[in-house]
Amino acid sequence: MKFLVCISNVPDTTTKITFTPDNKEFNKAGVQFVINPWDEYALTRAIELKEAAGSGTVTVLNVGEADTEPNIRKALAIGADDAIRVNAAPSDAYFVAEQIAAIAKEGAYDVILMGKESIDYNGFQVHGMVGEMLGIPTVAPAMKLDMSGNTATLEREIEGGKEIVSVNTPFVASCQQPMCEPRIPNMRGIMTARTKPLKVVPAVGEPARTTVAEFALPPKKQGVKLIDPENAGELIKLLRNEAKVI
């Protein structure tokens, strides 16, 4: 079984968000980047399934520039066998999906996993695009994944409950908790990751179809207004005219 796990390079969740002076790009200065937390579920589950089967490979794929390689090496330290980096900035969802689909098709992977979305853009788009480009099923978002031969059983979240889906390989799945407990690399993994293959390939297809016109931070929170408990009329007025919740 050949697993392809797609990972994104995202700002740490504690990062203070700022933008460049023209408000068209995220300001990377002084920012610590991590593996997208949702992708860690996909990576760990792929490794668990490979280990349970006693055979197979887990390949990590990242669309990004050279500064993403430390986190690719971290994925290798967690347990992936090898890695591929598409040497291009992940400019929009379609462009990223196009790169993933090209690698998946060339490598004839059985299972393509990724997080349900990246925590920086929260687009929830790439997995569906990849499945459509490859003409294979997509299951999203998956909370549980088990394999029996070439058949997968997945549990996905739906409104008001859950749905159990059975699908044959190849397929795409996006992952979220509680699929597994994400692993952290141990010392042995860190040492072996240094010698595992990391292949760099050029991007394919057309440039990004979309561009960012402008980023903007949400408005700052206003100060709290305290209303005398006897003045219900004033409270109603503020809720209607300022908060606009009634």
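Side chains included, hydrogens not; waters and symmetry mates left out as well; all remaining heavy atoms used. As the structure is a prediction and not an experimental result, all values here were calculated from the model. This chain uses plain numbering: 1 for the first residue, then up along the sequence.
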State whether [X] and [Y] are salt-bridged, where the test is any N-O pair (Lys NZ or Arg NE/NH1/NH2 against Asp/Glu carboxylate O) under 4.0 Å.
| X | Y | result |
| --- | --- | --- |
| Arg183 | Glu51 | yes |
| Lys2 | Asp81 | no |
| Glu157 | Lys162 | no |
| Glu242 | Lys225 | yes |
| Glu40 | Arg45 | no |

Does [X] have more than 12 heavy atoms from other residues, nucleotides or ligands lying within 6.0 Å of its [atom1]?
| X | atom1 | answer |
| --- | --- | --- |
| Glu214 | CD | yes |
| Ile184 | CD1 | no |
| Glu132 | CD | no |
| Glu163 | CD | yes |

If you define the side chain from C-beta out and look only at heavy atoms, does anything of [X] sit under 4.5 Å from [Y]?
| X | Y | answer |
| --- | --- | --- |
| Val201 | Asn87 | no |
| Val245 | Arg240 | no |
| Met129 | Ile100 | no |
| Ile119 | Pro11 | no |
| Arg209 | Glu98 | yes |
| Val60 | Arg85 | no |
| Pro178 | Tyr41 | no |
| Cys6 | Leu113 | no |

(Q) Ring-plane angle category for Phe33 and Phe26, please: parallel below 30°, perpendicular beyond 60°, tilted otherwise. (A)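 Ring orientation, 0 to 90° scale: perpendicular.
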Drop me the distance from [X]'s [atom1] to [Y]'s [atom2], to the nearest 0.5 angstrom.
| X | Y | atom1 | atom2 | value |
| --- | --- | --- | --- | --- |
| Met114 | Ile7 | CE | CD1 | 12.0 Å |
| Ile246 | Asn241 | CD1 | CG | 8.5 Å |
| Thr192 | Leu76 | OG1 | CG | 8.5 Å |
| Ser174 | Arg156 | OG | CZ | 8.5 Å |
| Ile17 | Leu217 | CD1 | CG | 8.0 Å |
| Thr210 | Asp92 | OG1 | CG | 3.5 Å |

*asked:* Determine whether Glu25 and Val212 satisfy the following criterion, side chain to side chain contact (heavy atoms under 4.5 Å, CB included), listing intermediate values before the conclusion.
replied: CA-CA 8 Å; Glu25 292 183 5; Val212 174; over 6 Å; no
Side-chain heavy atoms under 4.5 angstrom apart, residues restricted to Ile, Leu, Val, Met, Phe, Trp, Tyr: same cluster for [X] and [Y]?
| X | Y | result |
| --- | --- | --- |
| Ile35 | Val31 | no |
| Val5 | Val111 | yes |
| Ile103 | Phe95 | yes |
| Trp38 | Phe171 | no |
| Ile47 | Phe3 | yes |

Report yes or no: do [X] and [Y] form a side-chain donor-acceptor pair below 3.5 Å?
| X | Y | value |
| --- | --- | --- |
| Asp228 | Asn231 | no |
| Thr59 | Asp82 | yes |
| Asp146 | Thr153 | no |
| Asn27 | Thr20 | no |

Q) Under the 3.5 angstrom rule, does the side chain of Asp39 hit a backbone N or O of Ser8 as a donor-acceptor pair? A) yes
Treating Asp12 as the side-chain partner and Gln32 as the backbone partner, does any N or O pair qualify as donor plus acceptor under 3.5 Å?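 Flag not set: sc Asp12 to bb Gln32 has no pair under 3.5 Å.
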Inset, instruction - Apply side chain to side chain contact (heavy atoms under 4.5 Å, CB included) to the pair Gln125 and Val96, showing each step before the final yes or no. - result: CA-CA 10 Å; Gln125 301 177 70; Val96 171; over 6 Å; no
Q. Passes side-chain hydrogen bond (donor to acceptor under 3.5 Å, both in side chains), Asn36 versus Ser118? Steps please.
A. CA-CA 6 Å; Asn36 179 46; Ser118 61; 5.4 Å; no
Between Gln99 and Ala203, the two heavy atoms sitting closest are OE1-CA, 3.3 Å
When every non-hydrogen atom of Asn9 is compared with those of Asp67, the smallest separation belongs to ND2-O, 4.4 Å
Practice problem: Could you give me the CA-CA distance, side-chain angles and deciding distance for Leu154 and Ile164, then say whether side chain to side chain contact (heavy atoms under 4.5 Å, CB included) is met? | Solution: CA-CA 6 Å; Leu154 301 99; Ile164 297 175; over 6 Å; no
* Starting from the C-alpha separation in whole Å, work towards a yes-or-no answer on side chain to side chain contact (heavy atoms under 4.5 Å, CB included) for Leu49 and Leu145. => CA-CA 9 Å; Leu49 291 169; Leu145 168 60; 3.8 Å; yes
